[in-house]
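To start, the structure under review is shown below, and the notes come after it.
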Amino acid sequence: IWELIDVPHDGIIGGAYSPSAQRSHGYLPFNRTWYRKHFNLPAEWKTGRSSIWLYFEGVFHMTTVYLNGEFALPLHRGGYTSFSVRLDNVSALLYGDGKANENVVAVTASASGGSGWWYEGGGT
């Protein structure tokens with residue numbers, strides 16, 4: 001079951017506290033958080049005359065992006081930098097209206113390690 005959330009979102013803060021987790025991380029265990037978004041693209045965008053990009057302002061810490069089950073971005077490291085993912089060069093991209101042409105972008109954010117001594121959270 002997918003929880004309905006708004007971004008930005010911290011995928012760790014809702015977890016269970018653990019005395020064995022790092023103090024600097026608020027005793028919250030690191031984890032991997034998944035996000036997904038369903039969307040359709042207009043059929044007229046299939047002309048190939050322009051690129052289609054998905055922009056992320058930041059995702060903490062190690063991120064992989066999938067489009068309709070295919071890798072769109074194998075790995076982005078670093079939660080403090082923005083990045084973009086080109087979608088029109090993924091062969092699974094669909095154009096048009098209706099459920100049959102619905103795209104699903106899935107993002108996994110692994111906060112299994114951080115870069116600071118403070119609570120950094122994890123997610124988008």
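Just so it is clear, the values below take in all heavy atoms, side chains as well, and ignore hydrogens, waters and symmetry mates.
In the model, Asn40 has no side-chain atom that pairs as donor or acceptor with a side-chain atom of Asp97 under 3.5 Å.
Of the candidates Val107, Leu75, Leu73, Leu75 is the only one forming a side chain to side chain contact (heavy atoms under 4.5 Å, CB included) with Thr64.
The hydrophobic clustering, which links ILVMFWY residues whose side-chain heavy atoms are closer than 4.5 Å, places Val104 and Val59 apart. Hydrophobic clustering of Ile, Leu, Val, Met, Phe, Trp and Tyr side chains at less than 4.5 Å, counting indirect connections, keeps Trp53 apart from Leu41. If you chain together hydrophobic residues whose side chains sit under 4.5 Å apart, Ile52 and Leu94 never meet in one group. Note on Phe83: it does not cluster hydrophobically with Met62, by side-chain heavy-atom contacts below 4.5 Å among ILVMFWY residues. Val85 and Phe60 are members of different hydrophobic clusters when ILVMFWY side chains are connected at heavy-atom separations under 4.5 Å.
Counting only distance, with no hydrogens or angles, the side chain of Asn103 and the backbone of Leu93 share no donor-acceptor pair below 3.5 Å.
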| request: Tell me, with the steps shown, if Phe30 and His61 meet side-chain contact (heavy atoms from CB on, under 4.5 Å). | output: CA-CA 11 Å; Phe30 293 106; His61 177 68; over 6 Å; no
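For the atom pair Phe39 CZ and Leu54 CG, the distance stands at 7.0 Å (nearest 0.5 Å). To the nearest 0.5 Å, the span separating OG1 on Thr63 from CZ on Arg32 amounts to 9.5 Å. Taking CH2 of Trp2 as the start and CG of Leu4 as the end, the distance is 12.5 Å to the nearest 0.5 Å.
A pairwise comparison of heavy atoms in Ile12 and Ala111 identifies CD1-CB, 3.5 Å as the closest pair. Of all heavy-atom pairs spanning Ala16 and Pro29, the tightest one is O-CD, 3.2 Å. When all heavy atoms of Tyr55 and Ser82 are compared, the closest pair comes out as OH-CB, 3.2 Å. Residues Phe71 and Val90 approach most closely at O-CG2, 4.3 Å, considering heavy atoms.
Under a cut-off of 6.0 angstrom, the local environment of CD in Glu44 is crowded, with over 12 non-hydrogen atoms contributed by other residues, nucleotides or ligands. By the neighbour-count criterion of 12 heavy atoms within 6.0 Å, atom CZ of Arg36 is densely surrounded, having more than that number from other residues, nucleotides or ligands.
Between His76 and Phe56, the distance from one ring center to the other does not fall under 6.0 angstrom.
The side-chain heavy atoms of Tyr95 and Asp88, taken from C-beta on, include a pair separated by under 4.5 Å.
The aromatic rings of Trp34 and Tyr66 lie parallel to each other, their planes meeting at an angle below 30°, with 60° marking the opposite boundary.
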